[in-house]
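Read through the structure below, which is laid out as structure tokens, and then see the notes.
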Amino acid sequence: RFYEKYGDRVHPEVVSFFDSDTHWGPIVRSGFSSNRTLCHYDVAAKNLSVPKDPTEPPVFFDWSLLVKGSIGVELGQVVAYSLRIEEHHRIPEVLDSYIESMRELGVVDLSRDILWEDVRYGLLTRLAAPIALTSRNYPPAEALALELLPRITSAVLATNAFDLLE
């Protein structure tokens with residue numbers, strides 16, 4: 001039903017992906033690395049506390065969604081939604097900067113290759129969010145879905161994430 005209603009707003013590569021016989025859900029879920037950390041899964045302004053001291057890190061809260069998982073899912077989502085669509089080609093550069101910052105903080109066991117794959121798989125999982133939002137039959141959720149769809153689609157295409165399903 002989503003594509004019947006919004007198909008004209010969806011990139012043709014995404015439409016063909018969903019129309020294929022690929023069982024993408026299990027493929028995407030099985031593709032994440034075993035590199036596990038605590039993930040928030042609801043990064044939003046309402047769940048962010050920025051300290052007055054700029055040397056202190058921001059704090060995310062909303063404990064109901066805090067789970068052990070892959071940081072790549074969340075990082076991919078934040079980068080895709082934060083960068084302008086025209087800047088999505090910079091996603092690898094942003095990930096490199098993230099890894100460098102983490103290393104400066106003493107986190108040395110984070111592999112760029114593993115993070116890159118997790119981000120790409122995470123972007124694929126985020127394609128489901130606009131579909132879920134439009135199924136609520138609630139106009140504000142529908143408006144949010146139509147705002148998110150181009151951003152997440154652009155990030156999927158910019159990172160060649162569909163290649164992970166072959």
Side-chain angles (χ1 to χ4, degrees), residues 2 10-11 13-50 57-133 144-145 147-166:
F2 178 85
V10 180
H11 193 282
E13 280 188 56
V14 175
V15 172
S16 65
F17 165 69
F18 279 104
D19 285 344
S20 73
D21 292 332
T22 304
H23 299 288
W24 65 277
I27 293 171
V28 169
R29 282 192 298 276
S30 68
F32 284 104
S33 74
S34 60
N35 183 19
R36 298 290 179 219
T37 187
L38 288 179
C39 291
H40 191 270
Y41 290 114
D42 192 17
V43 174
K46 65 185 172 82
N47 294 334
L48 175 66
S49 173
V50 180
V59 176
F60 291 100
F61 50 94
D62 187 0
W63 292 93
S64 65
L65 294 173
L66 189 70
V67 297
K68 195 167 187 177
S70 167
I71 190 63
V73 177
E74 216 151 4
L75 189 56
Q77 175 182 340
V78 169
V79 172
Y81 293 161
S82 299
L83 287 177
R84 292 190 340 250
I85 290 175
E86 301 79 23
E87 298 285 319
H88 280 179
H89 67 280
R90 294 184 52 226
I91 291 175
E93 173 189 332
V94 172
L95 294 182
D96 289 340
S97 176
Y98 173 80
I99 289 174
E100 182 180 324
S101 297
M102 294 304 288
R103 289 202 174 122
E104 289 172 5
L105 293 170
V107 178
V108 295
D109 61 346
L110 187 59
S111 156
R112 189 211 189 272
D113 292 339
I114 291 172
L115 181 64
W116 176 244
E117 295 301 289
D118 284 351
V119 164
R120 293 168 72 209
Y121 276 112
L123 292 171
L124 288 174
T125 64
R126 296 311 300 163
L127 282 171
I131 296 170
L133 284 168
L144 178 60
E147 176 70 27
L148 296 180
L149 185 62
R151 290 186 164 279
I152 203 65
T153 300
S154 169
V156 165
L157 297 174
T159 61
N160 298 316
F162 284 132
D163 293 348
L164 295 169
L165 301 173
E166 293 176 352

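Residue numbers run from 1 in the order of the sequence given.
Considering only residues two or more places apart in sequence or on other chains, Arg90 meets the side-chain contact (heavy atoms from CB on, under 4.5 Å) condition with Leu83, Glu87, Glu93.
Nearest heavy-atom pair across Ala145 and Leu133 is CB-CB, 3.7 Å. The nearest pair of heavy atoms linking Leu148 to Pro130 is CB-CG, 4.4 Å. Closest approach of Tyr98 to Leu75, counting heavy atoms only: CD2-CD2, 3.5 Å. Minimum heavy-atom separation, Val119 to Gly76: CG1-CA, 3.7 Å. Contact between Ile152 and Ala80 at its shortest, heavy atoms only, is CD1-CB, 4.1 Å.
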Apply the test side chain to side chain contact (heavy atoms under 4.5 Å, CB included) to residues Asp109 and Val107: give CA-CA distance (whole Å), side-chain angles for both, the deciding distance (0.1 Å), then the verdict.
CA-CA 6 Å; Asp109 61 346; Val107 178; 3.6 Å; yes

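Inter-residue side-chain proximity for Ile99 and Arg103 is flagged as met; some heavy-atom pair is nearer than 4.5 Å. Residues Asp96 and Val94 have side chains not in contact (no heavy-atom distance under 4.5 Å, counting atoms from C-beta outward).
A distance of 12.0 Å separates CG in Leu149 from CZ in Arg126, rounded to the nearest 0.5 Å. A distance of 15.0 Å separates CD1 of Ile114 from CH2 of Trp116, quoted to the nearest 0.5 Å.
Using modelled atom types, no side-chain atom of Arg120 and backbone atom of Gly72 make a donor-acceptor pair closer than 3.5 Å.
Under the side-chain hydrogen bond (donor to acceptor under 3.5 Å, both in side chains) criterion, the residue pairs touching residues 147-159 are His88-Ser154, with sequence neighbours excluded.
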